[in-house]
Protein chains: 2
Amino acid sequence: MSEHLIDYPVVVERFKTLLKANALKFTKQRELVLKCLYDHKGHFTPEEIQTLIQKQNPTLNVGIATIYRTLALLEEENLASSLSFGTQGKRYEFGMHQHHDHLICTQCGTIIEFFDEALEARQDAIAKEHQFQMQDHTMKIYGICNTCQSQQR
Amino acid sequence: MSEHLIDYPVVVERFKTLLKANALKFTKQRELVLKCLYDHKGHFTPEEIQTLIQKQNPTLNVGIATIYRTLALLEEENLASSLSFGTQGKRYEFGMHQHHDHLICTQCGTIIEFFDEALEARQDAIAKEHQFQMQDHTMKIYGICNTCQSQQR
DNA sequence: CTTATTGCAAACGTTTTGCACGTTT
DNA sequence: AAACGTGCAAAACGTTTGCAATAAG
């Protein structure tokens, strides 16, 4: 059973199509980054992604610059999305733009995703009120997760 | 007429009190950073703040490290708050922690602040649903502001 | 006179870039 | 063969830190 709504072969096909449309090339490195995000549920830094790829492909050496370049590409093509934190850089996750927001535990760093219809509707309304043509939005709720709360006693 | 709810002398007094309470010293540099934020409505990077201070005090040289240290201090004391963007660092604004969120124009960079009761309530509910002990939250709506929309035709 | 604060420069971690070499089309 | 992609190392960026000199209490 797949963790995703879309099977991997379909995702790769989509990626190939998008690359072709932009006169870009389908390379082993690009595929590995995509696959890594698809296979690992979670939010990863470029460095973590490099390590994960390294672990499964000990022969190949994928440079960190390539990881960065590929992640930017994937995000542009809506095959991945990033979450940015203050000074500590960005984290990426697989995703074909099913929008969602995040609960972030300030203790253990766990990230929980959620989607709330009412919140979305309110955001639309606010943008409209300010005559803003909304392109995107992010919402982060910081706090202490249930697990960490229990451990504090 | 002041742009703020609180007059500057009151702010400085508050700052002095807070410093004293923590056995910290009231210095010219700290005052200049506070005054700069108070005087300039907007969201500024540490570097921009340094430049603004420099411009009004050509004789004095306030190091960037001091700006960073002071901004962290002001934020801790709730005299300023920061907004962080992806890789491009933080921006600070004056403020005694009246919570608000932001609309950000992806074209011209303008930041519009707003506060929405319904949004806040929904956030509280979501945190509760996930058994999260909420500490803070941020919400950013990205889009094209009214002015930029007009100019595009 | 004690203690905190400053500016400087070096260190930092993350991200980007220039370039010669390799790979895809 | 042409064009794009790669790894590498260097550079860039925003931020933090150690330190000797300085200023506040």
Side-chain angles (χ1 to χ4, degrees), chain A residues 12-13 15-36 43-51 53-54 57-77 79-80 82-92 109, chain B residues 12-13 15-36 43-54 57-77 80 82-92 109:
Chain A
V12 179
E13 269 325 298
F15 189 32
K16 284 186 180 174
T17 306
L18 290 164
L19 288 172
K20 199 163 288 178
N22 293 308
L24 302 176
K25 290 167 181 172
F26 182 74
T27 64
K28 178 164 277 172
Q29 289 85 338
R30 286 180 175 160
E31 216 247 286
L32 285 172
V33 173
L34 178 62
K35 181 134 185 36
C36 179
H43 304 73
F44 308 98
T45 64
E47 215 187 328
E48 286 167 353
I49 292 166
Q50 188 185 36
T51 306
I53 291 175
Q54 194 74 258
N57 304 71
T59 63
L60 207 82
N61 179 7
V62 181
I64 193 70
T66 298
I67 307 271
Y68 275 97
R69 289 186 277 231
T70 303
L71 288 171
L73 178 62
L74 290 174
E75 183 159 40
E76 223 167 275
E77 302 295 0
L79 288 169
S82 70
L83 241 191
S84 54
F85 294 87
T87 289
Q88 316 96 259
K90 288 182 174 180
R91 289 183 167 272
Y92 289 83
Chain B
V12 179
E13 268 326 298
F15 189 32
K16 284 188 181 174
T17 306
L18 290 165
L19 287 172
K20 199 164 288 180
N22 294 310
L24 301 177
K25 290 168 181 174
F26 182 75
T27 64
K28 177 163 281 171
Q29 289 86 337
R30 285 179 175 161
E31 215 247 286
L32 285 173
V33 173
L34 178 61
K35 181 132 184 39
C36 178
H43 304 73
F44 308 98
T45 62
E47 215 186 329
E48 286 167 352
I49 292 166
Q50 188 184 36
T51 306
L52 284 168
I53 292 175
Q54 194 73 258
N57 304 70
T59 64
L60 207 80
N61 178 7
V62 180
I64 193 71
T66 299
I67 308 273
Y68 275 97
R69 289 186 277 232
T70 304
L71 288 171
L73 178 61
L74 291 174
E75 183 159 39
E76 222 167 275
E77 301 295 358
S82 69
L83 240 193
S84 53
F85 293 88
T87 290
Q88 316 95 259
K90 287 182 176 181
R91 290 183 166 273
Y92 289 82

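Keep in mind it's a predicted model, so treat the numbers as computed, not measured.
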What verdict does the side chain to side chain contact (heavy atoms under 4.5 Å, CB included) test give for A:K16 and A:V12, after you've listed the backbone C-alpha separation in whole Å, the side-chain angles of each residue and the deciding distance to 0.1 Å? CA-CA 6 Å; A:K16 284 186 180 174; A:V12 179; 4.0 Å; yes
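Remark: B:S82 pairs with B:E75, B:K90, B:Y92 by the side chain to side chain contact (heavy atoms under 4.5 Å, CB included) rule, at least two apart or across chains. For B:R91, the side chain to side chain contact (heavy atoms under 4.5 Å, CB included) partners two or more places apart in sequence, or in a different chain, are B:H43, B:T45, B:E48, B:F85, B:I111. For A:Q54, the side chain to side chain contact (heavy atoms under 4.5 Å, CB included) partners are A:N61, not counting sequence neighbours.
In this structure a side-chain-to-backbone donor-acceptor pair under 3.5 Å is missing from A:R30 to A:L74. Between the side chain of B:Q50 and the backbone N or O of B:V62, at least one donor-acceptor pair lies under 3.5 Å.
Taking side-chain N and O atoms only, B:Y68 has no distance below 4.0 Å to OP1 or OP2 of D:dT16. Within the 4.0 Å cut-off from OP1 or OP2 of D:dC4, not a single side-chain nitrogen or oxygen of A:N22 is found.
Looking at every heavy atom in both residues, A:L79 comes nearest to A:F15 through CD1-CD1, 3.5 Å. When all heavy atoms of B:I67 and B:P46 are compared, the pair lying nearest together is CG2-O, 3.6 Å. Of all non-hydrogen atoms in A:L60 and A:L32, the two that sit nearest each other are CD2-CD1, 3.5 Å.
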Each nucleotide in nucleotides 20-25 of chain D should get exactly one letter: B, S or -. Can you fill that in based on protein heavy atoms under 4.0 Å? ----BS
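Note: CZ (A:R69) to P (D:dG7) measures 8 Å, nearest angstrom. When the P atom of D:dC8 is taken as reference, atom CD of A:Q29 falls 11 Å away, rounded to whole Å. Between A:L32 atom CG and D:dG5 atom C1' there is a gap of 14 Å when expressed in whole angstrom units.
The end-to-end axis angle of the helix from C:dC1-D:dG25 to C:dT25-D:dA1, rounded to 10 degrees and based on five pairs per end, is 30°.
DNA chain D is contacted by both A:I67 and B:T87; A:I67 maps to the nucleotide lying nearer its 5′ end (nearest heavy atom per residue).
Environment of CD in B:Q88: crowded, with over 12 heavy atoms of neighbouring residues, nucleotides or ligands closer than 6.0 Å.
Using a 4.0 Å heavy-atom criterion, one finds that A:Q88 contacts no nucleic acid atom at all.
The nucleotide range of DNA chain C contacted by chain B, defined by atoms under 4.0 angstrom from heavy atoms of the protein and reported 5' to 3', is C:dT3 to C:dT15.
Interatomic distance, B:F44 CZ to B:L71 CG, rounded to the nearest 0.5 Å: 11.5 Å.
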